[in-house]
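Right, one structure below, let's go through it.
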Amino acid sequence: MLFGRFSFFFRHYWSNDRINYSIKVLLALIGVTVPCAYYDLSTLVIPLVLGIIAAALAETDDNLKGRIKALIMTLICFVIASLSIELLFDHPLFFTIGLFSSTFIFIMLGALGTRYASIAFASLLLAIYTMLGAKTSPNLWHQPLLLLLGASWYGLISLLWHILWPNQAVQQSLSQVFQALGDYLTEKSQLFDPVPNLQSQTLRVKAAQQNAKVVTRLNQAKLTLLHRARRGHPNPTNEQFLKLYFMAQDIHERVSSSHYRYKALAQSFQRSDVLFRFERVLQTHANACQTLAQALLMEKPYQHSEKSQWDLDQLQHALLYLKEQEYSEWRDHLLQLDYLFQNLSMVEHQLSHIYHSDAQPINDDNELAESEIRSVREGYQRIVNQLNLKSLLFRHAIRMATVLTLGYACLSFLHLDRGYWILLTTLFVCQPNYYATKEKMTQRVLGTLSGILLGIPLLYWFPGTEGQLVLMVIAGVCFFAFRTIKYGVATACITLLVLFCFSQLGQGFDVILPRILDTLIGCALAVFAVMFIFPDWQSQRLPQAIRTAFIGNQAYLGQIIGQYRFGKHDNLPYRIARRNAHNGDAQLTMTIHGMLAEPERYAKSSDDCFRLLTLNHAMLSYISALGAHRHQLDNDQHYALITQAHRRIHHDLDLLSQPNSQNQPQLDVDLERTLRQWHEEDRASVRMILQQLYLIQRMLPEMGILMERISEETTKMPDVNVKAPQ
């Protein structure tokens, strides 16, 4: 019994991606600190540890071949970065030129993909690490070799880890997808609270925010699968993972669907328990997704709860009972609940048949959209395409190169011996936009002060080398454990690591005040950079984010309408259109969220923005419902009416997506009347399609008015250095 419980807790924590990451760092740090302590080589600890940290920050997921290539590229970039600092350190003019140009080049490497962006950031970090010890380095090769040795040691551990557990990253990413889906289902279930004064807009905003998290997790899982694919086609060993990914996409499309206005349903059924039963089934499915997420992490078979099917059966009985009452005012609303029930039934079928061949069939069109570069020429072209002021990456590269050069000028002018921490702080804090920078700055300052306050007594309590090395290893591991979830705690840990590292040289207390001062100067420079060097205000990007969301919805709807003519098929163009629509909605959500943290003069009316976000998410939900129920229509008359409505919606979305358009969508009264005339003899599925198009068509004029107001707000805003990218 005790062994079983211990085994459960071990597997639970072992499956956590952050704990796995931290264990690799732990092994690497122990591998350098123990030999240094044993052979009394305390002067070698700092560069070896810093090399490990830089290599761990450069690591991205990939297959074994890709990891080897990435490690070689990382080491090459590290050598270039470290040697260039050693060569130019005593020549301030050339050092300044080299700092600006190398920062710009490394940041621009991010155009090649996330892997190259991570390597570029770590290379800049390693360059600053080299600056910290450049004055005391005995020769040109001393620091670069030690930094490279530490990085190579971590890289070797990472490769061995991947060989032993090659599918761990895929399981973790898919687990995060289903965990996010479970949270999204929980948010959606709140919309079925049958109260007459239901505040659906507030609930829809929360659902949109959670939907953005689901989209992020799906994109991350896609990248993880692509890293194990060849030309976009995953190998047979990952077929089950690919099946789960496609199933998650399908469930996401179904749970993001809306078949009618929730407020109207709440008013009609406030005296019935049917909406409570829908809420219960949604919550049961949320629990099932979270259980599946845990099963993937623990590498155990998923056991679907029988209670889920029982709740669905009870919901079906409740619907049948309401239909037997034959209340005319319920007729149309019960039809909407039927469509929703069909969606939930399909979700139940998929969750209960995960290991069956019909859960989510893998057909010939199982290709994933490739995003990585395939040739040097393609990579070169990607970088060239970003060399303009409309590119956020180009502007951030100029911003980072400028602010790091200013940081170097500050430390030179103020004669700060350890002023290179200014550059280090700026590198970590300065983000592409004001909101992210402000958040990082606050956490960085609080984390540094907390680390100092905790470090002072620890230096007194553990004056010996061995005790401090143990604490240094613990601090380094905790930094990587909390880096992505609690940056303030991670900063406190890395501050402790710095104190213990320099304490090995007898300078532990000497670096306390410089660390605080340099952190404050670095944060101030980072905030200055995002406010005055090609600032990227989210409020100015908002009109473009809205238009991008409209374009995504337009393409997604077009793919769906085409499949009503030729039949359902989850091909690559359809999945790309669906993903782009959800990405656009997620980006709009994050843009509005970031805008609210900006200075008041750069912010817009939050009421209009949230209303537009609600409408866009509702439109995407109505489109998703059409996607969830798509099938081939045989009646030409029905399809002609559907295409007529689609053409008008397509035209109106065209107007909304054009910058500075003088024309706004107008309600087509004749079309509205036609769409509302659902004949009893029409097939229910056709009525559902016409209803969804009717709901979409009705909201477009209001979206046009809101878009016009937001655009007017943009023209009233103060001028900045560069206009938002079009």
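Counting begins at 1 with the first residue of the sequence.
A heavy-atom distance below 4.5 Å is not found between the side chains of P514 and L416. The side-chain heavy atoms of F241 and L225, taken from C-beta on, include a pair separated by under 4.5 Å. Residues W421 and V511 are in side-chain contact: their nearest non-hydrogen atoms beyond the backbone lie under 4.5 Å apart. The shortest distance between side-chain heavy atoms of W165 and N20 does not fall below 4.5 Å. Side-chain contact between V32 and V45: absent, with no pair of heavy atoms (C-beta onward) separated by less than 4.5 Å. Taking the side chain as every heavy atom from C-beta outward, I107 and F394 never approach each other to under 4.5 Å. Looking only at side-chain heavy atoms (C-beta outward), Q172 and L296 stay at 4.5 Å or farther from each other. The side-chain heavy atoms of D510 and F502, taken from C-beta on, include no pair separated by under 4.5 Å.
Within a 6.0 Å sphere centred on NZ of K24, heavy atoms belonging to other residues, nucleotides or ligands number more than 12. Under a cut-off of 6.0 angstrom, the local environment of CZ in F509 is crowded, with over 12 non-hydrogen atoms contributed by other residues, nucleotides or ligands.
Heavy-atom minimum distance, L48 versus C36: CD1-SG, 3.9 Å. Closest non-hydrogen pair, I46 versus C501, comes out as CD1-O, 3.5 Å. Closest approach of L64 and I163 over heavy atoms only: CD1-CG1, 3.9 Å. Across all non-hydrogen atoms, the minimal contact from W161 to I23 is CH2-CG2, 3.5 Å. The heavy-atom pair separating V170 from S173 by the smallest distance is O-OG, 2.9 Å. Taking each heavy atom of L112 and R382 in turn, the nearest pair found is O-NH1, 3.5 Å.
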side-chain contact (heavy atoms from CB on, under 4.5 Å) between F500 and L458: does it pass, once the steps are laid out? CA-CA 9 Å; F500 295 137; L458 288 176; 4.0 Å; yes
Q290/D183 under side chain to side chain donor-acceptor pair (under 3.5 Å): CA gap, chis, key distance, verdict: CA-CA 8 Å; Q290 291 164 351; D183 295 338; 3.2 Å; yes
One pair to check against side-chain contact (heavy atoms from CB on, under 4.5 Å): L513 and L517. What are the steps and the verdict? CA-CA 6 Å; L513 289 179; L517 178 62; over 6 Å; no
Applying side-chain contact (heavy atoms from CB on, under 4.5 Å) to F528 and L406, what does each step give before you reach the verdict? CA-CA 11 Å; F528 168 80; L406 287 175; 4.1 Å; yes
After noting the C-alpha distance and the side-chain angles of K135 and F89, does the key distance pass the side-chain contact (heavy atoms from CB on, under 4.5 Å) rule? CA-CA 9 Å; K135 284 188 177 180; F89 190 78; 3.7 Å; yes
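Listed by chain and residue number, V445, I516 satisfy the side chain to side chain contact (heavy atoms under 4.5 Å, CB included) test with L520 (two or more places apart in sequence, or in another chain). Residues meeting the side chain to side chain contact (heavy atoms under 4.5 Å, CB included) test with Y435, sequence neighbours left out: N433, E439, H593, A597. Every residue two or more places apart in sequence or in another chain that forms a side chain to side chain donor-acceptor pair (under 3.5 Å) with Q176 is listed here: D17, R217. The side chain to side chain donor-acceptor pair (under 3.5 Å) test applied to E86 returns Q143, not counting sequence neighbours. Applying the side chain to side chain contact (heavy atoms under 4.5 Å, CB included) test to N139 and every residue at least two apart in sequence or in another chain returns W141, H142. Y21 pairs by the side chain to side chain donor-acceptor pair (under 3.5 Å) definition with nothing, not counting sequence neighbours. The side chain to side chain donor-acceptor pair (under 3.5 Å) check on T591 picks up Q587, with sequence neighbours excluded. For A37, the side chain to side chain contact (heavy atoms under 4.5 Å, CB included) partners are L469, not counting sequence neighbours.
For residues 62-83, the salt bridge (Lys or Arg N to Asp or Glu O under 4.0 Å) pairs, not counting sequence neighbours, are E59-R67, D61-R67, D62-R115. Residue pairs meeting the side-chain hydrogen bond (donor to acceptor under 3.5 Å, both in side chains) criterion with at least one partner in residues 454-478, sequence neighbours excluded, are Q468-S503, Q468-Q504.
Not one N or O on the side chain of S175 forms a donor-acceptor pair closer than 3.5 Å with the backbone of Q171. A donor-acceptor pair is defined here as one N or O able to donate and one able to accept, closer than 3.5 Å; such a pair exists between the side chain of R395 and the backbone of P535. When atom types are taken as modelled, the side chain of S101 and the backbone of G98 share a donor-acceptor pair closer than 3.5 angstrom. Between the side chain of W153 and the backbone N or O of A28 there is at least one donor-acceptor pair closer than 3.5 Å.
Between atom OG1 of residue T224 and atom CG of residue L174 there is a gap of 8.0 Å, rounded to the nearest 0.5 Å. Taking OG1 from T74 and CG from L71, the interatomic distance works out to 6.0 Å, rounded to the nearest 0.5 Å. Separating the CG atom in L499 from the CG atom in L471 is a distance of 11.0 Å, to the nearest 0.5 Å. Taking CG of L27 as the reference point, atom CG of L160 lies at 10.5 Å (rounded to 0.5 Å). Rounded to the nearest 0.5 Å, atoms OG (S152) and CG (L159) are 10.5 Å apart. To the nearest 0.5 Å, atoms CG (L149) and CG (L145) are separated by 8.5 Å.
Taking the six-membered ring where the residue is Trp, the centroids of W537 and F532 are separated by 6.0 Å or more.
Side-chain contact annotation: T437 with Q431, donor-acceptor N/O pair under 3.5 Å absent.
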Return a table of donor-acceptor pairs under 3.5 angstrom between the side chains of residues 118-133 and protein atoms on other chains or two or more places apart.
residue, atom, partner, partner atom, Å
S118, OG, T114, O, 3.1
S123, OG, I119, O, 2.8
T130, OG1, S82, OG, 3.2
T130, OG1, L126, O, 2.8

Name each donor-acceptor pair under 3.5 Å that joins a side chain in residues 490-498 to protein atoms two or more places apart or in another chain, with its distance.
residue, atom, partner, partner atom, Å
T491, OG1, Y487, O, 2.9
T495, OG1, T491, O, 2.8
T495, OG1, R515, NH2, 3.4

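Using cut-offs of 30° and 60° for the angle between ring planes, the Y408 and F95 rings count as tilted. F94 and H91 have perpendicular rings, their planes meeting at more than 60° on a 0 to 90° scale where under 30° would count as parallel. Between F479 and F428, the ring-plane angle classifies as perpendicular under the 30° and 60° cut-offs.
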